[in-house]
Amino acid sequence: MLWVDKYRPKSLDKVLVHEDVAQNLKKLVTEQDCPHLLFYGPSGSGKKTLIMALLRQMFGASAEKVKVENKTWKVDAGSRTIDLELTTLSSSHHVELNPSDAGFQDRYIVQEIIKEMAKNRPIDVKGKKGFKVLVLNEVDKLSREAQHSLRRTMEKYSASCRLILCCDSSSKVTEAVRSRCLNVRISAPKEDQIVKVLEFIGKKEGLQLPPGFAARIAEKSGRSLRRAILSFETCRVQQYPFTNNQVIPPMDWEEYVSEIAADIMKEQSPKRLFQVRGKLYELLVNCIPPEVILKRLLHELLKKLDSELKHEVCHWAAYYEHSMRLGQKAIFHIEAFVAKFMSIYKGFLIATFG
Amino acid sequence: MEMDIPMPDELEWLEADLQLHEEYLDEDPEPPPLPEEEASYIEEVYEALQPEPIVKPALPIPEKVQPKKRFRPLSPNLLDPSNVDDSVEDKRCKVNDSSAIEADDDWLRYSPPPQEESVVIVEEEKETFISRYVTDIEGDFMPVTAPDGDRVYAKLVKEEKDGKLKKLDVKAPSKGLMLEPISVLLQRAEEDAIQKALQASVSSQVDANLVGTPVVNERLWVDKYSPNSFMELLSDEHTNREVLLWLKQWDTSVFGSELKSTTDDVLSALKRHSTVSQHKKVSSKNLNGWNKDSTSNNETFREDKYDHHGMQELHNKKIKDSGPPEQKILLLCGAPGLGKTTLAHVAAQHCGYRVVEINASDDRSSSTIETKILDVVQMNSVMADSRPKCLIIDEIDGALGDGKGAVDVILKMVAGDKRSDSGVENIVQTEQSGKTSSKKKKKDTPLLRPIICICNDLYAPALRPLRQVAKVLVFVQPTVNRIVSRLKYICNKEAMRTSSVALSALAEYTECDIRSCLNTLQFLNKKKEMLNVLDISSQVVGRKDASKSVFDVWKEVFQKRRLKGARKSIESSRSMFNEFDSLHSLISNCGNYDLILDGIHENILHLNYHDPVMKKTVKCLHSLEVSDIFHQYIMRTQKMSLMAYQPAIAISIHGVVSQVEKPNIQWPKSFHRYRTTLIEKVESLHMWHNKISPSISRHISTKSFVEDLVSPLLHILSPPTLKPVALHLLSEKEKKEMAHLVNTMVSYAITYKNKKIDPLPNKLKFEVATDKDTPVLSFDPPIADFVNFEGCSSNYFILGLAVKQLLCHEVENQKILQSSINRSMHGDDGKEIVKEKFSKPNRVVENDKNATKVKNPSGPTPTQQEKHTPIITVVPKSSETSTTTKKKSSSFNFFERFKKVSVNGSQLTETVKKVATSERDSRPVLFKFNEGFTNAVKRPVRMHEFFL
């Protein structure tokens, strides 16, 4: 097992990073009154971990006994029936699913399957009426229609069912859904928090950490705890005992993006743009989300840019990211951004150096 | 000459007359023709007569009567003046096809024979024609009431006249009194009246123009001047000849050899009848050599002929050799108006076929088309025109769904044909077994007649399968000169004045579409206009709505149109406008905007436009972006009407980047490729995700995997510190690391897999083989692919092959172990202990315990530890028997690899599993590994060594 999984806190008490949130959640659950919850925050901040710990707090160890089901649902959508394949993780108390897997048909998952699940009310061993928990991942990727159909479900079956929603950004969740939930913001852990965690793991593993090494990893991780722990383990595998100037291996795709950025800075021409397109395709093919590419690319470009231009370039990056969301073919938009940048940069070069 | 109502006395007279002179009545069914002056009058007469029982009993003339004296029932009304009668007679002469005199003559000449016949009839049926009782009359009748109240019933008899009698009365109406139904007559009378009134009013105003009122029944020039013979064809001569040649190749199989005399044909036909007795009902009158009689058994018959007709065997062999052409279907394609259909018709006729055409206007579902084709291919008409048929399926690409049906049927027939060629014997047998079987045989009936398919778009998806079996002929545009000369010829014939410059401009404008040229000319001729060179675009009623291929569209977008001499004079703004217009129509006709814009995106960066600050590129990409957003919006909201604005985007790009030089255009593959590989990768990721235990997989999403996890994971999975030596040679710490690594791999469901599978013997032969011969072990699932960016290699340490094999082996072991542990969870404890005894990781964990006290939930009990320590020692001992350490390691390596293979082979894991279960009894099993064929490598191995 990787350290990420090995040292994942199993209960709310053992949480190291968002202790305050964990304590609040614990109080919430112990009072037997759990509202719908919406966890949001950047990736690698510990949302999932908190949710799992919360479930354990609610249902005890039985929440960890899950089985994977890959089921095909037949949904009657008016004139035709749609076959939806959905993978769910379910214990006796809760069901986890990722409704956005269904793509543009996610509406039916929400309308039919989630409703169906929400209706069935589990009965406690003691005969008490318990409630069931549905964990929905990546709610921000749900289509607007699906989110709208979700809100009625949330109200109607609130007696028997609690929803825990999890997403990266709450801005993509409709107001209506947000207002029906208790919003829990899980911020990206601060660097000193990450250092704390890394030191904890190092102690557990019996490793000698040179001073400042953990801080370097934390700094490189971009405040993602997952990435920090992973690169910590990578360092461990690469070289032990640690030295202070040890190379922390970078993410391959980030390397690649910085290569692209260097290409762009070197030459600005349609030909170069064509090469860049090939590289962008390479990134996209490897399932890297276009938004992430664009963001990273901007980041890399800004590093090398004259401060005069930064503002304008940021503006255009935002513009093209917006149009990327409206459109469908991400490559058009990223490429358009690159072209725009080239144009700006070249104009700048000509203006300054003649 | 006014007549309002029939006089009672007239009716009385009629009544009497009916009884006395019935024979006369029928004799004159001849309606008075319609002299214009009398139209209104006759109308009146008819109204008056309608209630009367003049409905004609069909009685032939009993005796010769002079035409002039013929008694006409209307004559009393029309009345007295014989000159009126004459005039009526005259008019009839005018209107009717044959002149009155002739008719009379004919009548005189031919009357005797019908007379005799009719007399018989009269004798037989006279009594029953009119009766006072209904019961006396059989069949239809009509009541007739006399003025005095007497009622009789007149039988209605259809006139039965043979041709000769018909000639006698110039035109015998089959029913009713008149030549034409009353409604038509009324209408015509009305028209005449109006005409007359008009003429009267107009003539006062002195107008001569109306004399030349338009002739309604003018034919379209296209039809009028369509080529009727092969020599007249306008289309490219090479193509023409190809078609003709292809058709001619059918001759031997369709008509039989031309060399054959008819007597031979008769003979063979007769022979056929004698051999197959079931089909005797087919009349032997059919002397034609080919298949008057052939229903579905044509082929069979021919086969029979070959078999039994000894005399002609040699001759027939020749026929068989030169049978129908290799490709039994001809596919003609080309732009509309080039004369494909005409060529097919003319060529087929030229070769002596009767053309049967199925086009888009017919029902083209596969069932109807199948029967139709079968009809054509196998039946022959009994009618006079007994030429063999040739099927022309026009516009086969027209309707996709329906056209597909036709294509399927044809393909089936071709396929069936090929099959039947091989299995003719069987068919003959089943055919003879009875008629019922022939019905079943319907599916694979052979193709015996030429089929010509015509399409506009050769690359229509529906035609893809057909393209492979058919002979494809692509039409090229005929030269402008040829068209112009033909157009000129037609214009001369139609007395239309044109200049050849204008005609060639017209031909160019319509892209040599003869049909549209002719239609345009005819239209202009009607309008009495001259063809004007400058205004062709406004004169030609509409441009052809032909869609071009996307390649053409891209070319148009990227290429500036060169202005030719004549058009250069036109001011530039005008040409701009024209260009915009033509491009717009071009793009919107193509319709597939998504594809068009993809193509633009693909190719735009290859263009050589001058763009120092990349402004143009930015502009173009921005346009593409807009179109993408637009497209998405349209799709999401289903507002298809907004699609109309898509072409404008492409045009704006055209305005920015179009060049004079010819662009090198490529099909937009990259986006498509990106999409498919992306789907593949996501799928593989998904599969892998499902394999990982949920406690881990729930924390991994696709995004976080590629963003955060892959690169570190690869590093972690391939530690550079791991030495490629056997397990037992590792230090405690290394063993611990190894265990951790294996544990990680198992929990993430990762293993190594042979990418290139070498045959086993090979590996045994080259034991110290080079790297090229050994298989490449790579991660399975292929997670390394996710960091495999082109032109950038990931810098994670790549483990040696031996280490990979070792790891793979360990992973397999661990997996087996885990599954057995899981199973034994449900079993009793004793067994569990026995099983765990052999588990290596447990051993390692024990070591862990000793060293670092890392907690492991599945940690073994001390008793186990004691139990299995002796076993570990076995292997080192055995290997120590080898002489030197170096040799030892290599030999061990060899067996390590040997073992690897055994575990890698999936079947062998099964046996290993089995062995593992048998191990439960803790009985040491001697395992003689004898796989492969070299006996040189043979050595007793203990089972537990496999687990090391």
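Just so it is clear, the model here is predicted, and its values are computed rather than measured.
Heavy atoms closer than 4.5 Å to chain B are found in the side chain of Trp3(A), but not in its backbone. In this structure, chain B has a heavy atom under 4.5 Å from the side chain of Glu96(A), while its backbone stays farther away. Interface remark: Arg8(A) contributes side-chain atoms only to the contact with chain B (heavy atom separation under 4.5 Å). Of the two parts of Asn137(A), neither the backbone nor the side chain holds a non-hydrogen atom closer than 4.5 Å to a non-hydrogen atom of chain B. Neither the backbone nor the side chain of Glu680(B) comes within contact range of chain A; no heavy atoms are under 4.5 Å apart. In this structure, chain B has a heavy atom under 4.5 Å from the side chain of Tyr319(A), while its backbone stays farther away. Contacts of Glu138(A) with chain B are made by side-chain atoms alone, with heavy-atom separations under 4.5 Å and no backbone atom involved. Neither the backbone nor the side chain of His689(B) comes within less than 4.5 Å of any heavy atom of chain A. Proximity to chain A involves both the backbone and the side chain of Thr744(B), based on heavy atoms less than 4.5 angstrom apart. Asn98(A) does not touch chain B: none of its heavy atoms, backbone or side chain, sits under 4.5 Å away. Interface residue Met52(A): only side-chain heavy atoms are found under 4.5 Å from chain B. Heavy atoms closer than 4.5 Å to chain B are found in both the backbone and the side chain of Leu283(A). With a threshold of 4.5 angstrom between heavy atoms, Ser221(A) does not approach chain B through any atom at all. Of the atoms belonging to Tyr748(B), it is side-chain heavy atoms, and not backbone ones, that fall under 4.5 Å from chain A. When heavy atoms are compared at a cutoff of 4.5 Å, Leu709(B) approaches chain A by way of both its backbone and its side chain.
Residues Arg236(A) and Glu737(B) form a side-chain contact, since some pair of their non-hydrogen atoms from C-beta on lies under 4.5 Å apart. Between Pro712(B) and Met251(A), the closest side-chain pair of non-hydrogen atoms falls below 4.5 Å. Put simply, the side chain of Lys271(A) does not reach to within 4.5 Å of the side chain of Leu605(B), judged on heavy atoms.
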- Task: Could you go through the salt bridge (charged side-chain N to carboxylate O under 4.0 Å, His left out) check for Asp708(B) and Arg226(A) one step at a time?
- Result: CA-CA 7 Å; Asp708(B) 298 337; Arg226(A) 180 196 291 126; 3.2 Å; yes
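Atoms CZ and OH, on Arg673(B) and Tyr281(A) in that order, are 8.5 Å from each other to the nearest 0.5 Å. Residue Arg636(B) holds its CZ atom at 8.0 Å from CG of Leu326(A), rounded to the nearest 0.5 Å. The CG atom of Asn603(B) lies 8.5 Å from the CZ atom of Phe274(A); values are rounded to the nearest 0.5 Å. One finds the CD atom of Glu233(A) at 4.0 Å from the CD1 atom of Ile716(B) (value rounded to the nearest 0.5 Å). Atom CD1 of Ile334(A) sits about 10.5 Å away from atom CD of Glu625(B), to the nearest 0.5 Å. For the atom pair Ser670(B) OG and Arg277(A) CZ, the distance stands at 6.0 Å (nearest 0.5 Å).
Under the 3.5 Å distance criterion, with hydrogens and angles disregarded, no donor-acceptor pair is assigned to the side chains of His699(B) and Asp5(A). In this structure, a donor-acceptor pair under 3.5 Å is present between the side chains of Glu335(A) and His601(B).
The two atoms that bring Ile629(B) and Ser323(A) nearest to each other are CD1-CB, 3.4 Å, heavy atoms only.
Enclosure of atom CE in Met687(B) is not indicated, since only 12 or fewer non-hydrogen atoms of other residues, nucleotides or ligands lie within 6.0 angstrom.
With respect to chain A, the highest number of heavy-atom pairs below 4.5 Å among Lys615(B), Gln632(B), Arg698(B) belongs to Arg698(B).
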